[in-house]
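Below is one structure, written out as structure tokens, with a few remarks after it.
Each chain gets a letter, A, B and so on, in the order the sequences are listed, and its residues count up from 1. Reckoned from all heavy atoms, side chains included, excluding hydrogens, waters and symmetry mates.
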Amino acid sequence: DAMVIQNPRYQVTQFGKPVTLSCSQTLNHNVMYWYQQKSSQAPKLLFHYYDKDFNNEADTPDNFQSRRPNTSFCFLDIRSPGLGDAAMYLCAAGQGGYGYTFGSGTRLTVV
Amino acid sequence: SQELEQSPQSLIVQEGKNLTINCTSSKTLYGLYWYKQKYGEGLIFLMMLQKGGEEKSHEKITAKLDEKKQQSSLHITASQPSHAGIYLCGADSGGTSYGKLTFGQGTILTVHP
């Protein structure tokens with residue numbers, strides 16, 4: 001089945017140590033999104049790629065970066081994780097008229 | 001920016017009861033999505049509504065979008081414990097090429113057997 005896959009499901013990182021979260025899609029959708037969801041809150045869009053064009057939300061901290069080397073893969077890099085960055089990170093793929101498909105998420109713990 | 005308000009914030013029902021969750025937008029909706037989320041997991045797509053007055057059903061879940069496209073409801077008939085989770089509505093900002101989803105704060109549903 002076509003889907004969005006996130007790895008790993010759980011990630012523990014040390015305070016200040018760079019960490020990368022991965023997302024891949026088999027839908028061949030041209031847009032990929034990264035959302036941050038903190039406990040008991042709605043998912044919040046961090047940024048998205050339309051093909052290779054990167055679009056940052058205005059309030060996304062500089063600590064968060066993203067890479068999309070090809071249509072299928074998209075990475076979320078957190079350069080210096082703080083305790084406040086502990087959250088569920090959700091990746092989604094979308095294309096006009098086809099809706100949005102989400103992955104299972106990566107739960108990030110910062111120790 | 002588009003704001004979505006969901007009500008109620010949480011809901012506890014007995015198995016077999018019907019329930020309704022509402023989602024209200026501050027602006028006319030281009031598209032409205034409903035997702036379900038189990039604790040600690042990703043979002044599972046339920047339904048997408050785009051036309052005013054549209055109604056869709058899947059198994060025991062029915063979603064409606066009002067004629068003005070500013071309010072949607074999700075109705076569950078004869079609830080089961082498997083329906084428990086967090087229900088999120090999402091507003092699609094997009095046009096013909098692509099959009100972005102903005103979510104409501106979610107409704108936590110508990111179903112007691």
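Within 6.0 Å of NZ in B/Lys38 there are more than 12 heavy atoms belonging to other residues, nucleotides or ligands. More than 12 heavy atoms of other residues, nucleotides or ligands sit less than 6.0 Å from atom CD of B/Glu15. Other residues, nucleotides and ligands contribute only 12 or fewer heavy atoms inside 6.0 Å of the CG atom of A/Asp62. Crowding of B/Lys56 atom NZ: a count of heavy atoms from other residues, nucleotides or ligands under 6.0 Å exceeding 12.
If you tally non-hydrogen atom pairs under 4.5 Å between each of A/Gly103, A/Pro43, A/Gly105 and chain B, the highest count goes to A/Pro43. Annotation: maximal heavy-atom pairing with chain B below 4.5 Å, among A/Arg107, A/His29, A/Gln37, A/Lys44, occurs at A/Gln37.
Looking at heavy atoms from C-beta onward, B/Leu101 lies in side-chain contact with A/Tyr35 at the 4.5 angstrom threshold.
Contacts between residues 39-46 of chain B and chain A, counted as heavy-atom pairs separated by less than 4.5 Å, involve B/Gly40, B/Glu41, B/Gly42, B/Leu43. Of all residues in residues 104-113 of chain B, those placing a non-hydrogen atom less than 4.5 angstrom from a non-hydrogen atom of chain A are B/Gly104, B/Gln105. Identified by a heavy-atom distance below 4.5 Å to chain B, the contributing residues of residues 5-16 of chain A are A/Arg9, in residue-number order.
Residues satisfying the salt bridge (Lys or Arg N to Asp or Glu O under 4.0 Å) criterion with A/Glu57, sequence neighbours excluded, are B/Lys100.
A/Leu21 and A/Phe73 are assigned to two separate hydrophobic clusters, defined by single-linkage of ILVMFWY side chains at heavy-atom distances under 4.5 Å. Residues B/Tyr87 and B/Val13 fall within the same hydrophobic cluster, defined by Ile, Leu, Val, Met, Phe, Trp and Tyr side chains chained together at heavy-atom separations under 4.5 Å. Cluster membership check: B/Leu49 shares its hydrophobic cluster with B/Leu74, using side-chain heavy-atom separations under 4.5 Å among Ile, Leu, Val, Met, Phe, Trp and Tyr. One hydrophobic cluster, built from ILVMFWY side chains closer than 4.5 Å, cannot hold both A/Leu76 and A/Tyr33; they sit in different ones. When the side chains of ILVMFWY residues are joined at heavy-atom separations under 4.5 Å, either directly or via intervening members, A/Tyr49 and A/Leu45 end up in two distinct hydrophobic clusters.
For B/Gln37, the part lying near chain A is the side chain, with the backbone staying farther off; criterion is any non-hydrogen pair under 4.5 Å.
The two residues A/Tyr100 and B/Tyr35 come nearest to each other via the heavy atoms O-OH, 2.8 Å.
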